[in-house]
Peer 1: 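Quick one: the structure is below, questions incoming.
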There are 2 protein chains.
Amino acid sequence: MITEKQPLHGDPDLMSQTSAERDNGSPAQYQLNNDHLQRAAFLAKSLSDGNRLRILLLISDGKKSVSTIVEKLELSQPLVSHHLKELKRSLMVKVERDGPFIYYELADARILDVVRILSQVATDLLSERTTF
Amino acid sequence: MITEKQPLHGDPDLMSQTSAERDNGSPAQYQLNNDHLQRAAFLAKSLSDGNRLRILLLISDGKKSVSTIVEKLELSQPLVSHHLKELKRSLMVKVERDGPFIYYELADARILDVVRILSQVATDLLSERTTF
DNA sequence: TCAACTTATAAATGAATATTTATATACTGG
DNA sequence: CCAGTATATAAATATTCATTTATAAGTTGA
């Protein structure tokens, strides 16, 4: 069997989509086909943790070492490493070594744009809900 | 009656953040404080599943009944209901009843903007990575 | 009321994930 | 090489989550 219908969660990577199986009839309403959606979902998963967003925000104005992130965010060092690994897996950060230090930097400024929009939308949705 | 459901255990809500505890020294670099990041993370979690993105895309050009979503996306009805519940929890969909049919509609067009940006960023990050 | 249809919920299962604690690996100066 | 520092990884745990199967609940027309 080659193609399963459900996108199984095996050991996913950003590039683990091989399909372009069927277009389901719907003419890619907004230029978004299923592969596009899967990739977007993959990035969204990386953005779905508050501590990772704090890390992304912190490294958005220039590279920071792991120890700097640990100090500024008051998180344990293994936890920061764990989250950085996830962010690296989704290609959201660039990594650079300088001696014993390893510097992480936001890979694409649009990622922070997305976070800002999400924050604004969340605020608006909440106010719409509570305004009546 | 319409939108209020009894929580099973104590499931979180978009508004479960009450803090504004500390600003951690960092001066809200981009107008984003910790609460903003938590709310953004909450929405991102709703966007982190491919099937939910498929649903959001489908209902982005007008309300659709559950059965329509089931047919077009070829997902089981309980699975669609489950995802719609999650989308409702994050306030991303508006719900409207008409007889036996229940129609779901995208609550805010910017949500689809976010999906598009994420898709584009993912594509770009992949090409940057594989181009060398 | 009954029967058919539409949608929601419950229970079960397996996989993913965030966090902690403990340990390993890698780099540098002496 | 050694000691110290910086970072990563392993193991363990508890929680969350996507999916399936089965069943309930709400709506409408007869």
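Values below: every heavy atom of this structure, side chains too, minus hydrogens, waters and symmetry copies.
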Peer 1: Can you tell me which nucleotide in D:dT9, C:dA18, C:dA10 comes closest to the side chain of B:Pro78?
Peer 2: C:dA10
Peer 1: Identify whether the distance between the nearest side-chain nitrogen and carboxylate oxygen of B:Arg110 and B:Asp113 falls below 4.0 Å.
Peer 2: no
Peer 1: Give the rounded distance in Å between these two atoms: NZ of B:Lys63 and P of C:dT6.
Peer 2: 17 Å
Peer 1: Examine distances only and state if a side-chain atom of B:His83 and a backbone atom of B:Val80 form a donor-acceptor pair shorter than 3.5 Å.
Peer 2: no
Peer 1: Atom CG of B:Leu79 and atom C1' of D:dT21: how far apart are they, to the nearest Å?
Peer 2: 12 Å
Peer 1: Among C:dT20, D:dA18, D:dT9, which is the nearest nucleotide to the side chain of A:Ser81?
Peer 2: D:dT9
Peer 1: Return the value, rounded to whole Å, for the distance between atom CD of A:Glu71 and atom C1' of D:dT7.
Peer 2: 14 Å
Peer 1: Strictly below 4.0 Å: does B:His83 bring a side-chain N or O up to OP1 or OP2 of D:dC17?
Peer 2: no
Peer 1: Rounded to the Å, how far apart are A:Lys88 NZ and D:dA8 C1'?
Peer 2: 9 Å
Peer 1: Does a donor on one side chain and an acceptor on the other come within less than 3.5 Å for B:Ser81 and B:Gln77?
Peer 2: yes
Peer 1: Heavy-atom nearest nucleotide on DNA chain C for A:Glu86 versus A:Arg97: which residue maps closer to 5'?
Peer 2: A:Glu86
Peer 1: So for B:Gln77 and C:dA8, does any side-chain atom that can act as donor or acceptor lie under 3.5 Å from a complementary atom in the base?
Peer 2: yes
Peer 1: Could you check how far CD of A:Glu74 sits from P of C:dT19, rounded to whole Å?
Peer 2: 15 Å
Peer 1: Check every atom of C:dA26, C:dA18, D:dT19 against the side chain of A:Arg52 and return the nucleotide holding the closest atom.
Peer 2: C:dA18
Peer 1: Give B:Ser67 one of three labels, base, sugar-phosphate or nothing, depending on what nucleic acid heavy atoms sit under 4.0 Å from its own.
Peer 2: sugar-phosphate
Peer 1: Can you tell whether the side chains of B:Lys63 and B:Glu96 come within less than 4.0 Å, N to carboxylate O?
Peer 2: yes
Peer 1: Heavy atoms under 4.0 Å, any strand shown: does A:His82 hit a base, just sugar-phosphate, or nothing?
Peer 2: base
Peer 1: To the nearest Å, give me how far apart CZ (B:Phe101) and C1' (D:dG26) are.
Peer 2: 13 Å
Peer 1: Should B:Ser65 be listed as having a side-chain N or O under 4.0 Å from OP1 or OP2 of C:dT6?
Peer 2: no
Peer 1: Rounded to the Å, how far apart are B:Arg54 CZ and D:dA18 P?
Peer 2: 14 Å
Peer 1: Quick one: CD1 on A:Ile111 to CG on A:Leu57, what's the gap to the nearest 0.5 Å?
Peer 2: 12.5 Å
Peer 1: Among the nucleotides C:dT20, D:dT7, D:dT27, which one has an atom lying closest to any side-chain atom of A:Val66?
Peer 2: D:dT7
Peer 1: Say whether, by atom type as modelled, one donor and one acceptor occur between the side chain of B:Ser127 and the main chain of B:Asp124 under 3.5 angstrom.
Peer 2: yes
Peer 1: Would you indicate which nucleotide in C:dA26, D:dA6, D:dT19 comes nearest to any side-chain atom of A:Pro100?
Peer 2: D:dA6
Peer 1: Does a side-chain N or O of B:Lys45 approach OP1 or OP2 of C:dT17 to a distance below 4.0 Å, or not?
Peer 2: no
Peer 1: Send over the distance from B:Lys85 NZ to D:dC17 P, rounded to a whole Å.
Peer 2: 12 Å
Peer 1: Within the structure shown, what part of the strands sits under 4.0 Å from B:Tyr104 by heavy-atom distance: base, sugar-phosphate, or nothing?
Peer 2: sugar-phosphate
